[in-house]
Structure formats: structure tokens, C-alpha cells
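Computed from a predicted model, the values in this text were never measured in an experiment. Here is how names work: the chains are called A, B, and so on, in the same order as the sequence lines, proteins then strands, and each is numbered from 1.
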There are 2 protein chains.
Amino acid sequence: MNTRRTTIKDVAEAAGVGVATVSRVLSGGSASPETRERVLAVATQLDYRPSALGRNLRQQRSGGIGLLVPDITDSFYGRLADGVLACARAAGEPVILGTTGDDAEREAEQIGMLLEQGVGRVVAVPAGDAEIWAPTLRTGLTTVFAHRSAAGHGDVPAVLADDRSGVRTAVDYLTGLGHRRIAYLGGPGQEQRVAVFRQALGALVDEELIVFARGSRDSAYAAAAGLLQHRPDLTAVLAGGNLLGEAAVLAARELDLRVPKDLSMIMFDDVPWAELCSPPLTVIAQPAQDIGYRAAELVLREGGRRPRGVLLPTELVVRGSCGPRRAS
Amino acid sequence: MNTRRTTIKDVAEAAGVGVATVSRVLSGGSASPETRERVLAVATQLDYRPSALGRNLRQQRSGGIGLLVPDITDSFYGRLADGVLACARAAGEPVILGTTGDDAEREAEQIGMLLEQGVGRVVAVPAGDAEIWAPTLRTGLTTVFAHRSAAGHGDVPAVLADDRSGVRTAVDYLTGLGHRRIAYLGGPGQEQRVAVFRQALGALVDEELIVFARGSRDSAYAAAAGLLQHRPDLTAVLAGGNLLGEAAVLAARELDLRVPKDLSMIMFDDVPWAELCSPPLTVIAQPAQDIGYRAAELVLREGGRRPRGVLLPTELVVRGSCGPRRAS
DNA sequence: AAACATGATGGAATCGTTTCCATGAACACG
DNA sequence: CGTGTTCATGGAAACGATTCCATCATGTTT
């Protein structure tokens, strides 16, 4: 099969015009109505599709948008990615996906690859801190952070859920139910949430009840089990993500703790299975898909100056995993 | 900031050689040891990264691999994508992700974009049938199907879970428990599974108990609820995916059916929440991640001829959602 | 009617890389 | 010593698009 791609040259020849004219017509430049029509007709007839390769090389950027998430297996990031994809599709741009495993080094590696590919726009859930991002930002990479911003963030726009309000609501709800010893089970990059947690809890804060896991399921389970075993006196736990929540449910079951009788639970991120769980989990819903969509929108808006950031609302969804403090 | 990228020309100049030599050294061609060393030294010192843009244009393909899945939000496809990403990362190749929503038209659109980007390799969960894929295959796109092959499949290699064995095992298990009226709740592209289901069930098959949903959550719920309401005499249901399983659990709960007392359930695809569910769901586990990894491996092996396909084993994981047939 | 503004048009340069080909040096063999 | 072979090397073409710039035609103003 000798089917070479049809190039702009073929179109130009078939339409009896120069390549420059074809390019102009196709990218909306000025051209006389009759030429435009002829070129368009020939182009569709020949089924001409401009090669992104040639264009990219010429204008020194590949148009597409890079997407860096810690773990595409995590339902939250799956939904976030879906939002980015939806926006990118509307704009006709391809999305290059990479996972960082919440590891700064791996993140740097992925950024290197994106740069090599000529990608000029990135939506990222940052793993490294601002210091690590600074050099790559200086390369001219248009960046928008999603879900969390780099610690000590520079002026990179970020699309975030309103963690502050979410944590406050959760803490208020739990203290309102009479709970005093409330634990926070956190994941990578949740320093700010914890700060708010401390602040909201005030005098009740107990540093031993603040525990961090790394990104993996194993790590989450270990942290949850350790917490519950080490401090059986706690009566409520706030899990900072669906992985952490899953781990907490598992660990509680393992220790024969009854939810919500022995232990009240709130989980960040509403996932479909929260309703299937027994008891159904009370959660703080985050608009993951919106976060992705808005971030993609922001990163594509290259012309006008971008707002510093967007804060999207969270919502407490009360189901059945929280109850009054148990009599101790 | 006037920081132009360092090009191969800069390296050549700094090393006192021609650009051709630099290119050869960097891509493993022949060169004298001392030149090679000098060029390498200069390249690292200048932090030179070859631009994929130039290379791609020259060799008419973009190296990267395209990944087309119905829905990145679905845990199964998330894991599949993770496998593809892992393999691609090992090979240093970028992955362009697109979602098809199990819609042939949208799939065609995504393929068009990939072609435009010069992508020459695709791992896809096909939505359209073989007839739809034929023209794109003729363009020279190296394709590997994952999870399912296009109906009336041509000679495209495919990496599949052993559905046949999975369905048989599930049916055997349910009939062994005494069930006679067993339903299949299917999703897009599960014709082959249903065929096996019919075959395994033999004389027990009841066409009314075979129901299909489209890809969405709503559609899955509608199908499940409709099935359970219309045929309250059925005693077991086999759900063809985690979305379908979720819908079935929800619908059963809505109708106050007790699992497994009133209704036994088996779900295709083991997801983390299957264990959290109440009762924990008996499932047929599929190696989603492996499927993705192997598919990527296959699509990257361009030289040697590829095997026609790979079949990966499934496994019945017995939990608590199946019981003996209820006394009717 | 001359001068000038406007707009359509095509040739050619350009992006950064790979690869073909010619050149020249070094070396081996008869 | 001459011829042939091997090898490293650099110049230049090619890939397919965009875009600068010169050219030419047309219409407008003085």
C-alpha cells in the first residue's frame, strides 16, 4: 500500500493555489471568498487533515495539555482526569497523562518528558513543593495546579476544593455530636487541611491523633490500623480521602469496632461505594470532575491573564457513619 | 528571559563537530570513542534534551502510544490505564489518553485526533465493530485491543481476560448452589460473554433474564431495577462489571431484597469496595492492570511479529453475596 | 489621471531532528 | 606501491506545517 498522507502541498496543487493560501484558509486567515470555497472543497474531498507534527515543529509547542496525577487508579483522580479530558476534547486538544505516585522525583521525570514532547501546558496535582517546581515554571510551562497547590506556592493558579470549609464543617458536625477525641487520617500534601483541623479543634487537638499515610493502599491501611489500635479511646475519625476512608473502614472492622456506635467516621470525597458501605458513609463531597474541568479551562486560556485561583465548594453529605459519642 | 532551548546545533558547535555526528552519538550510531565522549560530555553539560518535535516530524511518527478507554472514571479502566502507563514509562514513551464513552462515533473522532498527532500505536478498548476499525487499521496504525476485541474481529492482537472460563465458573457456582433462574446484567461489548452464559446455562437459559445496559451509571441502574422488578422470581444475578454490580446492589436494596437470602449476586471485576459492601461481594477478579501492561508491551514490540492474542486468567473470589436458592 | 491604500496571493524561510551521500583518512592486501 | 575496503565525519536534504515578505491587482482619493 502506497498511501502517503495527503499533505498541504497536495491540497494546494489540486486547488491551483499556493500552500500559503491553503494554510491561511484553514486557519482562518484572509482569503477571497471563491478561493476559500475552492480550497475547502478540495480539502474535504481529499480528506486532508493537517499534520500536528509539522505545525508543532513550526510553532515550537505541541498544543496538547499534560496531566499529572498521583494515581489514576484512585477514583478521585479518575474523576479529575475525566474533567480535564472533557474540557480538552471540547477544545480539540490531546491530553498526555502521567502518574507521579506522589513522588517528587518521579514527578520531575514526567515533567522532563512533557517538556521533551514540546507540551506547553500542564495541569498537575503537585507532589513536590514550590522550590521543586520553580525551575520548570521558569521554562515557560503554563501550569495550573489542581486539588492542591505546591507548598509555599508561588503564583501558580490553582483550582481547589474548599478544604478549609470542608474540614470546619466536618469538625463542627462531630463536635456537635459530642465527640472530643477526633483523629485525622491524612495523605500526602494535606498539610493545609491539617492546619485547619487543628485550628477548628482548638483546645481539643491531640497531636497523637493526627496521622499521615503515603499514597498507597497498604500505607493507608497501616496508618489506620495503627491509629485505631494505639488509641482505642478515640471516638471519631476524619479520613482525608477515599483511600484513607476505605482503610479506616477495613481497620475498624478488623478490630470489631462498630460504626457508628463505637466509632464515627467522615470521609473526604464522595465515591459511589460510600452509599453501598454498611453503614453508608457520611462524606465531604468534592467536585473532582469540576476541578479538572476548570483547571483545564484555565490552562487553555493563554491570552488573558488568569485568575490566581478558583475555590470550589464542598458539601457535607450525611449518611449513616456518624453518631453521638459513645458512653466511655 | 531569552532562554531558547538548546538545540542539537548548539551541542555540535560547542563540541566542534557536525550535527550529524551529534545525532549519531546520541542515537547509538557509529562514532570514534573520543568524539563520542566529547559529545556526550558537552550534551550533559549543556543539559541538552533532543526535541521530540523535530524527531517526530522527521520520522513521521510521534512514538507515543494512544490509549482509548470507554470511561476513565470506571475503576476497571483506571487500573487498565495504570498498567499501560507503567509499561509506557518503562519504555520512556508518552501516553495520550482519550475516552470513548463506548460510542463508536466518539471513538472515531478520537482516532482521528491520534492520527493527526502522528501517533502510530494505539491500545484500545474498542467500541465500534471490526468494520468500523478496518479503515483506521489500513492507515498503518499499530493497534492492540484490550479487555475486548472488536466484534467480527480481524487480525488485531488482543489482550483479554478469560471471560469464557470466568462465566462458566460463575454459572457453575450458582447452579451448584441450586439456582435455576439466573440473570445476566450486561454492558456494552459483552456479546461473547452472553454467548458463553447461554451455553453454560443450557436448558435453563431464559432470554428475558438477559439484560443490557449502556455504559452509564444511570443506565446500569435502570437496567438492574427493571430486571429485578419485572422478574421477582429470579434468584441469582451475574453482573458484567463493577458499574453493573453497583447498580444491582443498589436496586436490590431499593426493593428490599436481601443478599444473599433473597438474591445471590456475582460481579465481574474485583474492586476494593467489594469487600466493604454488606455483604461482601463474591466476584470474578480480572487482572485489569496486567491487561493494560501486556497490551502496551505488545503494541510497543514493533519488530517481531506479534502473537494473535493473550488470554489472562480470571479468578472466582468467594465472599458473602451468594447463598443457596431461597425456598420459593 | 496619478498617486496611494488595501487586500489577495505565492515563494521561500523556518522550526529541530534524522539520514543520505560524498569526502577523506587510515589500513590491508596483492 | 597501487588498489580496494572500512570507517569516521560533516554538509545538505527531507519531513509538513506556518509565516514573513514581496508582488500584483483592484479600488480610492486628490
| Do the non-hydrogen side-chain atoms of A/L141 and A/L115 ever get within less than 4.5 Å of each other? | yes

| field | Angle between terminal axes - the helix from C/dA1-D/dT30 to C/dG30-D/dC1, 5 pairs each end, rounded to 10° | value | 50°

| Per-nucleotide protein contact string for nucleotides 7-14 of chain D, where B marks a base within reach and S marks sugar-phosphate only (heavy atoms under 4.0 Å, - for neither) | -SBBB-BB

| field | Under 3.5 Å: donor-acceptor pair, side chain of A/E116, backbone of B/A52 | value | no

Can I get a per-line list of side-chain donor-acceptor pairs under 3.5 Å for residues 62-83 of chain A, giving both atom names and the distance, sequence neighbours left out?
| from | atom 1 | to | atom 2 | distance (Å) |
| --- | --- | --- | --- | --- |
| A/D71 | OD1 | A/T73 | N | 2.9 |
| A/D74 | OD1 | A/F76 | N | 2.9 |
| A/D74 | OD1 | A/N242 | ND2 | 2.9 |
| A/S75 | OG | A/R79 | NH1 | 3.2 |
| A/R79 | NH1 | A/D269 | OD1 | 3.2 |
| A/R79 | NH1 | A/D269 | OD2 | 3.3 |
| A/R79 | NH2 | A/D269 | OD1 | 2.8 |
| A/D82 | OD2 | A/Q289 | NE2 | 2.8 |

| Derivation of the side chain to side chain donor-acceptor pair (under 3.5 Å) call for A/T143 and A/R121 | CA-CA 6 Å; A/T143 307; A/R121 292 186 266 253; over 6 Å; no

| field | Between D/dT18 (C1') and A/Q59 (CD): distance, integer Å | value | 7 Å

| message | Are B/V310 and B/L312 packed together at the side-chain level, in the sense that at least one heavy-atom pair is separated by less than 4.5 angstrom? | response | yes

| query | How about B/R214 and B/D102: do any of their side-chain heavy atoms sit closer than 4.5 Å? | reply | no

| query | Which nucleotide span of DNA chain C, 5' end to 3' end, has atoms closer than 4.0 Å to non-hydrogen atoms of chain A? | reply | C/dA8 to C/dG16

| query | Base, sugar-phosphate, or nothing: which does B/S23 touch, judged by heavy atoms less than 4.0 Å apart? | reply | base

| message | Does any part of the side chain of A/I96, heavy atoms only, come nearer than 4.5 Å to the side chain of A/M113, both counted from C-beta? | response | no

| request: Would you mind reporting whether B/Y48 and B/I8 have side-chain heavy atoms less than 4.5 Å apart? | output: yes

| note | Hits for salt bridge (Lys or Arg N to Asp or Glu O under 4.0 Å) against B/E109, two or more places apart or cross-chain, chain-then-number order -> A/R89

| query | Taking side chain as C-beta onward, heavy atoms only, is A/R61 less than 4.5 Å from A/N56? | reply | no

| said: Within the 4.0 Å heavy-atom criterion, would you say A/L53 contacts the bases, only the backbone, or no part of the nucleic acid? | reply: nothing

| message | Please report the distance, rounded to the nearest Å, between CD in B/Q117 and C1' in D/dG16. | response | 14 Å

| remark: Rounded to whole Å, the CZ-P distance (A/R49 to D/dG16) equals 16 Å

| request: Could you check how far CZ of B/R55 sits from P of D/dG16, rounded to whole Å? | output: 18 Å

Contacts under 3.5 angstrom, residues 12-32 of chain A side chains, donor-acceptor by atom type, not counting sequence neighbours:
| from | atom 1 | to | atom 2 | distance (Å) |
| --- | --- | --- | --- | --- |
| A/S27 | OG | A/S23 | O | 2.6 |
| A/S32 | OG | A/T35 | N | 3.4 |
| A/S32 | OG | A/T35 | OG1 | 2.2 |

